[in-house]
Structure formats: structure tokens, C-alpha cells
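What you see is a predicted model; the values in this text were computed from it and never measured. Residue numbers begin at 1 in each chain, while the letters A, B, ... track the order of the sequences.
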4 protein chains.
Amino acid sequence: MSPRTTAQNAVIRQQSQRKIMDAAFSLIAKNGYEATSIAMIASQAGVSKGLLYNYFDSKEDLVKQLVYSIIEIGDDNIGQIESLDPKEAMSMIFNWFFTEIREKADHWRLLTALTMNIERFDFVHEIVIAKMQEYVSLLEKLLAELGYDDPLGEARVIAALFDGIGLQALIAREDYYLNDLEQFMLNKYCK
Amino acid sequence: MSPRTTAQNAVIRQQSQRKIMDAAFSLIAKNGYEATSIAMIASQAGVSKGLLYNYFDSKEDLVKQLVYSIIEIGDDNIGQIESLDPKEAMSMIFNWFFTEIREKADHWRLLTALTMNIERFDFVHEIVIAKMQEYVSLLEKLLAELGYDDPLGEARVIAALFDGIGLQALIAREDYYLNDLEQFMLNKYCK
Amino acid sequence: MSPRTTAQNAVIRQQSQRKIMDAAFSLIAKNGYEATSIAMIASQAGVSKGLLYNYFDSKEDLVKQLVYSIIEIGDDNIGQIESLDPKEAMSMIFNWFFTEIREKADHWRLLTALTMNIERFDFVHEIVIAKMQEYVSLLEKLLAELGYDDPLGEARVIAALFDGIGLQALIAREDYYLNDLEQFMLNKYCK
Amino acid sequence: MSPRTTAQNAVIRQQSQRKIMDAAFSLIAKNGYEATSIAMIASQAGVSKGLLYNYFDSKEDLVKQLVYSIIEIGDDNIGQIESLDPKEAMSMIFNWFFTEIREKADHWRLLTALTMNIERFDFVHEIVIAKMQEYVSLLEKLLAELGYDDPLGEARVIAALFDGIGLQALIAREDYYLNDLEQFMLNKYCK
DNA sequence: TATGAATGAGACTTCATTCAT
DNA sequence: TATGAATGAAGTCTCATTCAT
């Protein structure tokens with residue numbers, strides 16, 4: 001019997017990696033990094049502990065790859081926005097944000113949880129801060145075009161608001177008044 | 001050696017408990033729950049590990065008591081505010097908030113970090129949500145008195161803003177533009 | 001009930017350390033470093049695995065302390081020899097060596113085994129080489145005084161002989177002809 | 001694709017086995033038995049881990065076969081020597097020994113290292129002792145013919161010397177005075 | 001014959017907790 | 001009240017070995 005082909009192996013490898021990363025993602029998002037053990041991840045992924053180390057150098061490495069895969073997904077949004085007229089752009093940003101919060105709550109949860117762990121995962125920290133800066137700049141530009149008195153101050157407030165809403169949504173879950181907040185903000189900034 | 005009186009013992013007990021909780025607080029706020037060991041706490045408190053278990057049933061119990069003690073400290077502020085005129089009250093709340101962020105960053109850090117660990121410390125979760133609700137109600141009342149159109153919506157925004165600013169201040173540390181934000185908000189809501 | 005006194009604790013600590021080091025010593029001398037697990041050491045010492053780490057930072061640290069304790073024991077012999085007349089001195093060195101081989105075979109075994117592990121325990125390596133050099137120098141001096149043609153060459157031969165006999169004794173155990181060799185060498189060099 | 005003939009298969013088998021044993025040899029000689037993993041051996045041999053288990057029952061079995069193959073290589077030397085005149089024979093043995101030490105240091109290293117692991121590889125132990133005995137007998141015969149007083153004692157000394165020099169050469173590496181020792185011994189025993 | 005993904009026992013180590021004193 | 005030596009469960013990670021292909 002001949003051995004598996006390279007292509008077959010590639011498929012198998014990718015499937016296993018996917019299973020492990022999915023398990024790691026949901027568990028860490030729910031319980032945090034320290035409270036999630038390799039044994040739990042392997043068990044939820046339906047593989048042996050050992051296999052995990054075929055694909056990731058360490059628990060830390062697994063989390064890093066997890067973060068990178070999440071970040072990549074969210075990356076291409078800003079470019080599209082720059083060309084729109086300011087009001088539409090604002091409205092699009094808000095829409096994007098609330099959609100994100102609703103549909104990818106776990107991404108936020110994971111990143112927020114890891115950001116707290118500054119000592120160990122300062123690269124997440126760096127990334128998150130950089131992202132935030134980027135959004136503040138974009139908002140500032142739009143708000144200036146819309147004629148606001150203090151566009152930078154206002155942009156910072158909106159950025160803080162995003163973080164706060166994200167955090168609250170994370171904590172409150174089910175019954176959080178996301179819709180109300182969204183309406184309120186659209187009225188305030190995009191009317 | 002005459003035995004200690006009951007009163008003396010009570011004093012000793014309280015001092016030891018205080019030392020332990022202070023040590024636990026500063027260590028956990030800095031390094032997180034999982035990264036802080038009982039040995040570290042006992043060592044920094046200057047007591048033995050054994051003694052710690054005279055006063056607290058477990059590490060988890062110690063953290064619970066810690067959280068309760070922090071929450072209590074912050075509790076008596078709301079009462080004083082109710083009697084003021086709305087503008088002063090708003091201004092006082094903002095002032096209280098920014099002072100809190102500046103001077104008790106560690107309290108925030110601890111609570112936020114624990115809140116992430118929902119599975120294990122869901123009581124923190126409950127408390128934090130209840131507090132938030134309380135503040136939203138107070139703000140709503142004040143904003144209504146100040147004639148805002150949608151006082152509830154606005155109150156929720158402010159509450160989210162507080163959380164967001166708190167989170168960002170936590171993450172960004174040194175160079176965060178707290179002063180600018182404070183001025184901006186005072187201008188906006190208390191002028 | 002009052003806690004143990006410092007002195008009591010010191011005794012307890014020393015006893016436990018002794019038990020652990022003795023167990024580690026005999027097991028590693030017999031099986032080698034890699035083939036001896038912490039679990040085996042703890043079990044033979046009659047303590048828990050955890051206790052071992054109260055006294056030693058790591059398995060490697062345990063071995064280092066083991067080696068240092070062995071080396072210290074053997075250290076004070078050379079000084080006493082220098083003052084004797086050459087023949088007596090030679091005889092004393094031989095006597096010391098054969099006694100050592102006979103009575104502390106396990107010391108030799110441990111050091112030889114670790115010396116093989118150059119990558120990990122190069123400090124043993126260094127120590128062993130330095131010791132060897134020291135002995136060669138001493139022997140050279142004595143042989144020169146005894147009128148040998150090539151005292152350095154002869155000293156090197158004797159040093160190699162010591163190592164060879166040590167190694168063979170290690171390997172052959174029970175039935176090795178140590179006595180015969182001792183007689184032969186005393187006749188040859190100290191007559 | 002016509003199936004391979006039995007003969008072709010035999011060739012392939014032997015080549016693969018050779019590659020594996022060569023890799024195992026160089027790695028274990030360098031790093032020791034425990035520090036050399038099956039994965040390393042397979043990788044250096046350019047075959048899969050699975051294939052290795054087609055030819056060897058276990059890691060231990062691989063090492064055994066390795067040792068046997070090394071021993072066999074060294075085996076045919078003694079026969080040739082018996083017919084020479086004693087002085088030439090002695091000189092030849094010495095020459096053979098020093099050549100061995102110089103050019104096949106890795107063989108020595110491997111055997112010595114394994115010999116230390118008596119528990120696990122006692123067969124190496126047995127073999128080495130038997131060899132040693134054989135050489136002692138041969139030397140004794142030659143030394144008797146050369147008229148030495150105590151040929152057995154002298155033979156044992158030479159055997160021990162060989163072991164000692166081998167060990168020291170192993171430990172000291174680069175700067176060891178092999179040449180000096182060789183000259184010294186040739187002068188002493190073959191002049 | 002040959003591959004390498006997968007397993008699982010076992011290695012070292014940490015740490016909350018207990019208990020004799 | 002107070003100590004700290006001792007425990008043991010659980011954590012991360014390694015690696016010889018198996019097996020479907």
C-alpha cells in the first residue's frame with residue numbers, strides 16, 4: 001500500500017489544525033488563557049494532547065497563531081471606506097462596528113482577554129493599540145470634514161465609546177441594548 | 001506569658017487579614033489571578049502560607065473578599081450626589097470618575113481582569129452589571145432634569161464611555177490623553 | 001501549639017535534603033542521569049515529587065549540588081602529601097587512589113557518567129580535567145625527585161592508568177583484580 | 001510498474017538499514033542515547049520514522065545491532081597478530097590502538113557511553129569485558145616471550161592504560177598529548 | 001517498501017492546600 | 001495565633017511507537 005500523497009497529507013494537516021484552533025479559540029474566549037489547559041483543548045478538538053504539538057510549538061505559539069488568524073480576517077475594511085462621502089463613511093463605520101460586536105463577539109472577547117495579559121502577550125497589546133490609533137485618525141478626518149469643532153476630541157470619544165460598548169456587550173451578553181445604542185449614535189453623528 | 005484577650009486577638013486578626021488582602025490586591029492587579037500564587041501573596045504580606053488559610057478558605061475565597069472590599073469602598077458616593085443640582089451633580093460624577101481612573105487604576109484593572117473570567121468569578125460579573133445599571137439610572141435622571149431629548153440613550157452612552165475610557169486607560173497606560181477627554185466631556189455635558 | 005523553631009526546621013530540612021541527595025546519588029550512579037526520573041528519586045527517598053522542588057530548583061540543579069558535595073569531600077588530600085619524602089608520597093598517592101576506588105566506587109561512577117554528558121554538565125568536565133592536571137603535576141614533581149628520565153611522560157602514564165583502572169573497576173565490579181594491580185604498581189614505582 | 005525482484009528488495013533493505021544505522025551511530029556517539037530521538041535518526045538518515053520500525057523492533061534493538069556491527073568491524077585484528085615476532089606484535093598492537101583512538105574516537109565514545117548504562121545495555125558490558133580479557137591474554141603471552149618478570153601484571157597494566165588513555169582522549173579532545181604517550185610507550189615496551 | 005499523522009504514557013515542574021508542631 | 005515542611009493533583013511538553021494509506 002502506498003503512503004498518502006503530499007496533497008492528502010496537506011488536507012489532513014489542515015483539518016487537524018483547524019479543529020485544534022477552533023477548540024482553542026472557543027475555550028480561551030470563554031475561560032481565558034490560563035484557565036484553558038492543553039488537555040481541554042485537545043479533548044474538545046477530539047485529538048490527543050500530543051498531536052497539538054505536531055502543529056504548534058507551545059501553548060503560547062498556538063495562541064499567537066490564533067490571534068494572527070483573527071486579525072487577518074478583520075483587516076481589509078478601512079481601505080474601502082476612504083473613498084466614500086463623510087456621512088456615508090461614518091455610517092458605514094458604525095454599521096461595521098455594531099455588526100462586528102454582534103456577530104464576532106468571541107473575537108472581541110479573545111482579544112480583550114489577551115490584551116489584559118500584557119506581560120505575556122504584549123504583541124496583542126501593540127496590535128490593538130495600533131488599530132485603535134488608526135481608527136481615531138480616520139474618524140478625526142471624517143469629523144473634520146463634517147465640520148465638528150474639535151474633531152480629534154470627538155474622535156477619541158467615539159473610539160472610547162466603541163471600546164466601552166464592546167466591553168459591555170461582552171459582559172452583559174444576551175440582554176444588552178445594542179440596537180438602542182446603535183440608533184442613538186446614528187442619529188447623533190450621521191443624521 | 002498571659003494569654004491574649006479576646007479584644008487583642010480581634011485586632012491581630014484584622015491586621016493580618018488586612019496585610020494579606022493588600023498584598024493579594026497589588027499582586028493580582030499587577031499580574032493577574034492565575035499568575036499570582038499563594039506563596040507570593042503570603043511572602044509579600046509577610047506572613048506564612050498557613051496563616052492565610054486561617055482567614056480565607058481558599059484562593060478563590062480570598063479574591064471574593066477582596067472584590068467585596070473594593071466595591072464597598074466605592075459605594076458611598078452615589079448617596080451624596082442625589083441632593084445636588086443636576087449640573088453640579090453631573091460635574092461631580094465626571095470628576096469622581098476621572099479621579100477614580102487616575103488614582104485607583106488598580107481597582108479597575110482588578111475588576112476588569114476578573115470580569116473576563118466569567119466562568120470562575122461570575123459574581124464579579126453580576127456586581128459590575130448591577131453597578132452599571134445604577135449609574136445609568138442616576139445619569140438618566142440628571143439628564144432628564146437637564147432637558148435632554150433621550151436621557152436614557154444619552155445615559156447609556158455615557159456609561160459605555162466610562163467603561164471604554166477605563167479600558168483604554170488600562171491598556172494604554174502612561175501616555176493616554178485622559179485630561180483632554182475630561183475637558184471635552186465637561187464642556188459637552190456640564191457647560 | 002507553637003510552630004516549630006528555626007532549629008527544628010533546619011534539622012528537618014537537612015534530613016530531607018540528605019534523603020533526596022542520597023537517593024539521587026545511588027540511582028544516577030547506577031542508571032545514569034537521563035534514565036533516572038524525578039519520580040524514581042522521590043520514591044526511593046520516600047518523599048513526594050513536590051518536596052524535591054522545595055530544595056532544588058530543578059533536576060539539573062540537584063545533580064550539580066550532588067557533584068559539588070562529592071568533590072568537596074575529596075578535596076583536602078593533596079595538601080598533606082606535599083611535605084612527605086618522594087617515595088612515601090608516591091606510596092601515599094597510590095594508596096589513596098586504590099582506597100578511593102574500592103570504597104567510593106559510586107563517586108567515580110557518577111562523575112564518569114556525568115563527564116560523558118559533556119553538553120549538559122560541562123562543569124563536571126572542567127573540574128575533572130583540572131583535577132587530572134593537578135595530579136599529573138604533583139606526580140611529575142615526585143618522579144623528577146626520584147630521578148626518572150622523563151618524569152612528565154611517566155606522570156601522564158600513571159594518570160592514564162588511574163583513569164583506566166577506575167574505569168575498569170567500574171565496569172567489572174566484584175571480581176576485578178585491584179589488589180594485584182596495586183601490588184604491581186607499588187613494586188614498580190615505590191620500591 | 002513491474003514489482004521488484006527479491007534480489008532488488010534485499011539490496012534496498014540493506015541500503016536503508018545502513019543509512020539508518022549510520023545516522024544512529026553518529027548521533028548517539030555525539031549526543032548520547034537518551035538525547036537522540038528516533039525522529040532525529042530518521043531525519044538524518046533521510047527516511048521516515050515508520051520505515052525505521054520495519055527494520056528494527058525498537059530504539060533499543062537498533063542500538064544493539066549498532067553495537068554488534070561496530071564490534072564485528074574491530075574483530076579480525078587479533079588473528080593477524082599471532083604469527084608475528086613478539087616485539088613486532090607488541091608494536092603493532094600499540095600502533096593499532098593509537099590509530100583506533102585517533103580515527104575511530106566515535107566508536108570508543110559510543111561504547112563507553114553505553115557501557116555506563118549498565119542496567120539497560122548490560123550486553124555491551126559483557127562484550128567489552130570479554131574483549132578486554134582477550135587482549136590481556138594476548139599481551140601476557142607476548143610479554144612472557146619478551147622475558148618480563150610478571151607478564152600477567154604487566155599485561156593488566158597495559159590494558160588499563162589503554163582504557164585510561166581512551167577515556168582521557170575522549171574527555172580532553174583536541175589538545176590531548178596522544179603522540180607523546182605513544183612515543184613513551186613504544187620506547188618502554190618495544191625498544 | 002514507505003510515509004507521517006496520530007497516540008498515550010510518562011517526563012519535569014508548579015502550586016493550592018494540609019497538618020504537625 | 002502562627003509556621004513552613006510536605007503532599008499530590010494537574011499542567012506543559014516529549015517521544016517511542018502504531019497504523020491507515
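Here the closest non-hydrogen pair linking D/Leu62 and D/Ala24 is CD2-CB, 3.9 Å. A/Glu60 and A/Arg120 get closest at one heavy-atom pair: OE1-NH1, 3.5 Å.
Taking 4.0 angstrom as the limit, A/Arg13 places none of its side-chain polar atoms (N or O) nearer than this to OP1 or OP2 of E/dG4. The side chain of C/Arg4 contributes no N or O atom lying less than 4.0 Å from OP1 or OP2 of E/dA20. Applying the 4.0 Å criterion to OP1 and OP2 of F/dT12, one finds that A/Lys59 has a side-chain N or O inside that range. At F/dT3, none of the side-chain N or O atoms of B/Tyr53 fall inside 4.0 Å of OP1 or OP2 (strictly under the cut-off). Note on B/Ser16: every side-chain N or O is 4.0 Å or more away from OP1 and OP2 of F/dT1.
Classified by interplanar angle (parallel below 30°, tilted 30° to 60°, perpendicular above 60°), the ring pair C/Tyr68/C/Phe123 is tilted.
Ranking E/dT13, F/dA6, F/dT1 by closeness to the B/Asn54 side chain, first place goes to F/dT1. The side chain of C/Leu51 has F/dT7 as its nearest neighbour among F/dG4, E/dT1, F/dT7. With E/dT7, F/dT1, F/dA5 as the choices, the nucleotide that has an atom nearest any side-chain atom of B/Tyr55 turns out to be F/dT1.
At whole-Å resolution of the value, CG in D/Leu62 and P in F/dT17 are 10 Å apart. One interatomic measurement links the two molecules: CG of D/Asp57 to P of F/dT18, which rounds to 9 Å at whole-angstrom precision. For the pair A/Ile20 CD1 and E/dA5 P, the computed distance is 12 Å after rounding to whole Å. C/Phe56 has its CZ atom 15 Å from the P atom of E/dC12, to the nearest Å. Atom P of nucleotide F/dA2 and atom CD of B/Gln17 are separated by 11 Å, given to the nearest angstrom. Summarising the geometry, the separation between CG on A/Leu52 and P on E/dA6 is reported as 11 Å, rounded to the nearest angstrom.
Comparing D/Ile12 and A/Lys49 against DNA chain E, the residue whose closest nucleotide sits nearer the 5' end is D/Ile12. Map C/Gly46 and D/Gly50 each onto its nearest nucleotide of DNA chain F; the residue landing nearer the 5' end is C/Gly46.
For the pair D/Ser16 (side chain) and D/Arg13 (backbone), a donor-acceptor distance under 3.5 Å is absent. Without hydrogens or angle criteria, D/Arg109 side chain to D/Lys30 main chain gives no donor-acceptor distance under 3.5 Å.
Looking at heavy-atom distances under 4.0 Å, C/Asn9 makes contact with sugar-phosphate atoms alone, never a base. Note on C/Ser58: only backbone sugar-phosphate atoms sit closer than 4.0 angstrom, heavy atoms only; bases stay farther off.
For C/Lys64 and C/Phe121, the positive end is not near the middle of the six-membered ring at less than 6.0 Å and at most 45° from its axis.
Atom CD of A/Gln8 has more than 12 heavy atoms from other residues, nucleotides or ligands within 6.0 Å. Around CD of A/Glu126, the count of heavy atoms belonging to other residues, nucleotides or ligands within 6.0 Å exceeds 12.
Shown for residues 27-45 of chain D: no residue has heavy atoms falling under 4.0 angstrom of DNA chain E.
For the pair A/Glu34 and A/Lys59, the salt-bridge criterion is not met [side-chain N within less than 4.0 Å of a carboxylate O].
Under the 4.5 Å side-chain criterion, counting only non-hydrogen atoms from C-beta, D/Leu114 is not in contact with D/Val128.
Comparing the end axes of the helix from E/dA2-F/dT21 to E/dT21-F/dA2, each fitted to five base pairs by superposing C1' atoms of four pairs onto the next four, gives an inter-axis angle of 20° (nearest 10 degrees).
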